[in-house]
Protein chains: 2
Amino acid sequence: MGKQMTEMLKGTLEGIVLALLTGKAAYGYEITTLLREQGFTEIAEGTVYALLVRIEQKGLVDVEKRPSEKGPPRKVYTLNTQGEKELNEFWNTWSFLSGRIEELRKEGK
Amino acid sequence: MGKQMTEMLKGTLEGIVLALLTGKAAYGYEITTLLREQGFTEIAEGTVYALLVRIEQKGLVDVEKRPSEKGPPRKVYTLNTQGEKELNEFWNTWSFLSGRIEELRKEGK
DNA sequence: TACCGGTACCTAGTTCTACTATGTAGTGGT
DNA sequence: ACCACTACATAGTAGAACTAGGTACCGGTA
């Protein structure tokens with residue numbers, strides 16, 4: 001992965017995953033696949049699992065274990081109220097930052 | 001500073017500073033002030049100086065020392081060819097990421 | 001039976017970047 | 001003599017993504 005992208009994902013990847021979970025529960029492997037389909041082709045699998053552990057420990061998601069037809073049991077993550085709150089703050093922070101940056105771009109800077 | 005913003009600045013602050021330097025040389029204290037005026041009120045001064053050391057070592061800027069009327073000599077930074085190239089890559093990376101994220105927002109996710 | 005690919009999860013150690021906290025200096029005003 | 005403002009610098013810390021593995025379940029096939 002490009003070094004720039006790696007650094008830029010810090011602080012945004014968590015928001016991206018929370019956004020993916022909005023209105024639709026998902027498990028780790030599925031989330032990794034989803035991210036890859038959305039163009040984040042180089043996201044490391046380990047990164048996603050580590051992030052999921054983190055947001056679970058922060059209490060942003062609820063977890064349920066479900067059997068799989070094709071392999072080991074899945075850990076299905078659902079956004080809870082606190083997660084929605086965090087996602088909301090993410091959008092606020094993102095709006096501010098992207099607003100500032102787009103301003104710089106417009107100024108031809 | 002909010003923890004979210006701190007993390008989100010990783011990878012973007014460098015681009016922001018390079019953008020600020022486009023077409024206008026500037027010194028550290030000035031850049032800090034500029035950032036604060038643009039709404040990044042809580043950027044730590046030390047963060048800016050550390051970043052400037054970094055981009056100088058990466059060879060993205062040229063540096064010139066100029067006397068100041070009001071204090072110690074200033075280190076004036078100018079974007080060079082390699083810096084312009086890096087800034088260009090920054091805009092590409094940024095465009096991709098913000099495109100993906102805005103897509104998620106549109107989907108109500 | 002043995003192997004392999006796909007599914008599924010997990011983690012120790014590394015790297016990079018922003019922050020905290022603090023220090024050093026020059027200048028002008030009181 | 002002191003203080004505020006200007007101006008630069010850095011050692012140590014925290015947080016997040018990556019590297020580079022490992023474990024385990026299942027079906028197909030040689």
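Everything quoted here is computed from the prediction, not taken from an experiment. Lettering of chains follows the sequences in order, A, B, ..., and the numbering in each one begins at 1. No hydrogens, no waters, no symmetry mates; every other heavy atom, side chains included, goes into these values.
Summarising the geometry, the separation between CE on Met5(B) and C1' on dA16(D) is reported as 17 Å, rounded to the nearest angstrom. Between the CG atom of Leu52(A) and the P atom of dC9(C) there is a distance of 8 Å, rounded to whole Å. One interatomic measurement links the two molecules: CG of Leu9(A) to C1' of dG15(D), which rounds to 15 Å at whole-angstrom precision. Atom-to-atom, CD of Gln4(A) to C1' of dT17(C) comes out at 14 Å; the value is rounded to the nearest Å. For the pair Ile55(B) CD1 and dC16(C) C1', the interatomic distance rounds to 16 Å; values are reported in whole Å. Ile43(A) places its CD1 atom 8 Å from the C1' atom of dA17(D), with the value rounded to the nearest Å. Rounded to a whole Å, the CD atom of Glu30(B) is 9 Å from the P atom of dA7(D). Here the P atom of nucleotide dT20(C) and the NZ atom of Lys3(B) are 12 Å apart, to the nearest Å.
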Walk me through it: do Thr12(A) and Arg100(B) pass the test side-chain hydrogen bond (donor to acceptor under 3.5 Å, both in side chains)? CA-CA 11 Å; Thr12(A) 55; Arg100(B) 292 299 88 215; over 6 Å; no
Name the pairs: protein N/O against N/O of nucleotides 28-30 of chain C, kept only if under 3.5 Å.
none

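Gln4(B) and Thr93(A) are linked by a side-chain donor-acceptor pair at a separation below 3.5 angstrom, with hydrogens and angles left out of the test.
Gly46(B) comes within contact range of at least one nucleobase, with a heavy-atom separation under 4.0 Å. Across all strands shown, Leu13(B) has heavy atoms under 4.0 Å from sugar-phosphate atoms exclusively, and none from any base.
When each of dC25(D), dG15(D), dC16(C) is scored by its nearest atom to the side-chain atoms of Pro72(A), the top-ranked nucleotide is dC25(D). Among the nucleotides dA17(D), dT7(C), dT20(C), the one closest to any side-chain atom of Leu51(A) is dA17(D). Among dA18(C), dA17(D), dA7(D), the nucleotide with an atom closest to any side-chain atom of Tyr27(B) is dA7(D). Closest to the side chain of Tyr49(A), from the set dG15(D), dC10(C), dT17(C), is dC10(C).
Of the residues in residues 56-66 of chain B, not one places a heavy atom less than 4.0 Å from an atom of DNA chain D.
Between Arg74(A) and dT7(C) there is no side-chain polar atom (N or O) within less than 4.0 angstrom of OP1 or OP2. Dashed line: the shortest gap from a side-chain N or O of Thr47(A) to OP1 or OP2 of dC18(D) is under 4.0 Å. Listed pair Ser68(B) / dA7(D) meets the phosphate criterion, a side-chain N or O lying under 4.0 Å from OP1 or OP2. For the OP1/OP2 pair of dC10(C) and a distance below 4.0 Å, the side-chain nitrogens and oxygens of Lys75(A) include at least one atom meeting the criterion. Residue Tyr29(B) places at least one side-chain N or O closer than 4.0 Å to OP1 or OP2 of dT6(D). For the pair Arg54(B) and dA18(C), the criterion of a side-chain N or O lying under 4.0 Å from OP1 or OP2 is met.
Using a 4.5 Å heavy-atom threshold, the side chains of Asp62(B) and Thr81(B) count as separate. Annotation: side chain of Val63(A) is not in contact with side chain of Ile55(A) (no heavy-atom distance under 4.5 Å). Considering only heavy atoms from C-beta on, Thr47(A) stays 4.5 Å or farther from Thr32(A) through its side chain. A 4.5 Å side-chain heavy-atom check between Thr22(A) and Glu84(A) finds every atom pair outside the cut-off.
Contact check on Lys24(B) versus Glu30(B) returns a salt bridge, with a Lys/Arg side-chain nitrogen under 4.0 Å from an Asp/Glu carboxylate oxygen. The existence of a salt bridge linking Lys75(A) and Glu56(A) is confirmed by a sub-4.0 Å separation between a basic side-chain nitrogen and an acidic carboxylate oxygen. With respect to the salt-bridge test (charged N to carboxylate O, under 4.0 angstrom), the residues Lys58(B) and Glu14(B) qualify.
In the interface, the side chain of Lys10(A) is paired with the base of dC16(C) through a donor and an acceptor atom under 3.5 Å apart.
Here Phe96(A) and Phe40(B) bring their ring centres to under 6.0 angstrom of each other.
A search for side-chain hydrogen bond (donor to acceptor under 3.5 Å, both in side chains) contacts involving Glu64(A) returns Arg66(A), not counting sequence neighbours.
For the pair Glu45(B) and Glu7(B), nearest-nucleotide mapping onto DNA chain D gives the more 5' position to Glu45(B).
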